[in-house]
2 protein chains.
Amino acid sequence: MIKLSNLADYAVELMCCIALKPESIRGSASLAKQTKIPLPTASKILGLMVKAGLLISHRGLNGGFSLGVNATKISITDIIEAVDGPVQLTNCLGEDAADCDRISSCGTRSQWYRINEAVKDALGSVLLSQMIESVPDFIGDGMADDLPLIGKLIN
Amino acid sequence: MIKLSNLADYAVELMCCIALKPESIRGSASLAKQTKIPLPTASKILGLMVKAGLLISHRGLNGGFSLGVNATKISITDIIEAVDGPVQLTNCLGEDAADCDRISSCGTRSQWYRINEAVKDALGSVLLSQMIESVPDFIGDGMADDLPLIGKLIN
DNA sequence: CCAAAATAAGACCAAATTAGTCGTTTTAAG
DNA sequence: CTTAAAACGACTAATTTGGTCTTATTTTGG
């Protein structure tokens with residue numbers, strides 16, 4: 001099953017939470033509780049987001065995280081790549097392309113390049129701001145328990 | 001790093017080899033040697049392809065594998081899904097959607113659905129026949145050692 | 001100005017998935 | 001009928017991924 005890592009999945013969810021209230025600074029404990037992601041794992045992800053420049057960290061008492069860039073400037077690809085590294089479907093597409101010892105017998109690289117770009121575009125076509133735009137506010141710790149758009153998908 | 005599994009990568013390469021000579025029946029040993037894929041691993045993949053109906057297996061002496069479907073009817077997605085299972089970026093998109101205990105606090109499912117479809121389309125847009133069409137014949141065990149299209153990508 | 005509490009950051013450990021190997025069964029040719 | 005080649009399925013090993021813990025930093029309250 002082709003799927004993205006749990007970390008990447010979590011990361012998008014955390015970013016959505018933060019983006020919903022762009023003015024406030026949210027601590028990792030609060031975010032972890034709301035998203036039901038284990039606190040240490042959430043911390044780890046948030047750290048990666050800071051390193052990628054997508055979030056700003058505020059240390060000390062009442063510290064936490066806030067958006068480093070406007071939500072309209074962050075694509076899903078940005079988040080995923082911050083956690084999982086570059087989108088690179090086959091080994092021969094990256095820096096270490098020469099590592100592929102089948103390179104001489106493989107005539108499919110140019111096609112793979114095309115496919116990789118297509119996937120990257122697909123992922124990059126959705127912005128964080130779009131991800132949250134139709135979502136009701138479930139700010140703080142009070143969370144809506146029956147969103148209309150979700151019901152539509154389940155049935 | 002988002003990448004598809006080695007098996008999936010291998011699978012595409014094996015299918016390309018077979019599709020280049022659609023008339024003949026190729027044994028796993030021959031295919032493994034040509035693609036430089038470890039024989040047991042190649043066998044395993046070929047078996048999966050048979051199970052998915054993409055290849056037909058011929059047992060016994062002088063047996064081997066041949067295309068089960070015309071190369072113009074096989075997409076990259078077909079091959080990848082035969083090896084790795086369905087393309088399903090997030091856990092909440094599959095059969096077991098209800099397993100996601102954060103479903104009530106997560107408003108992003110409909111967006112994920114869109115993204116997943118986009119990725120699937122990107123992968124499905126390339127057919128096996130396209131994958132091989134501009135590739136010089138490196139039939140049998142003689143393999144071309146410097147393909148023009150590859151040089152273009154390396155530099 | 002000092003100390004304590006809360007928070008982020010980094011290093012470490014465990015579990016699960018994935019890749020690869022081996023042995024067995026099946027099948028067709030001689 | 002015998003023999004040998006090849007597919008098939010079960011098992012073992014390794015890499016990646018996910019989760020936990022400890023350390024260092026900063027700010028607020030006394």
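Below, all heavy atoms of this structure are taken into account, side chains as well, without hydrogens, waters or symmetry copies. Each chain gets a letter, A, B and so on, in the order the sequences are listed, and its residues count up from 1.
Contact of the A:Ile132 side chain with the B:Gln111 side chain is not registered, since no non-hydrogen atoms from C-beta on lie closer than 4.5 Å. Using a 4.5 Å heavy-atom cutoff, the side chains of B:Leu128 and B:Cys16 are in contact. Using a 4.5 Å cut-off on side-chain heavy atoms (C-beta onward), B:Ser28 and B:Leu31 make no contact. By the 4.5 Å heavy-atom criterion applied to side chains, A:Tyr10 and A:Thr35 are not counted as neighbours. Side-chain atoms of B:Ile79 and B:Met49, non-hydrogen and from C-beta on, do get closer than 4.5 Å to each other. A heavy-atom distance below 4.5 Å is found between the side chains of A:Trp112 and B:Val12.
Each of B:Arg26, B:Gln34, B:Lys33 was scored for a side chain to side chain donor-acceptor pair (under 3.5 Å) with B:Ser30, with one residue passing: B:Arg26.
In this structure, B:Ile56 places its CD1 atom 15 Å from C1' of D:dA7, rounding to the nearest Å.
Between B:Ser57 and D:dA6, a side-chain N or O to OP1/OP2 separation shorter than 4.0 Å is absent.
Looking at B:Glu117 and B:Arg114, no side-chain N of the basic residue comes within less than 4.0 Å of a carboxylate O on the acidic one, giving no salt bridge.
Within residues 73-82 of chain B, no residue is approached by DNA chain C to less than 4.0 Å at the level of any non-hydrogen atom.
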Report, as a single string ordered 5' to 3', how protein heavy atoms within less than 4.0 Å touch nucleotides 15-30 of chain C: B base, S sugar-phosphate only, - not at all. ----SBB----SBSS-
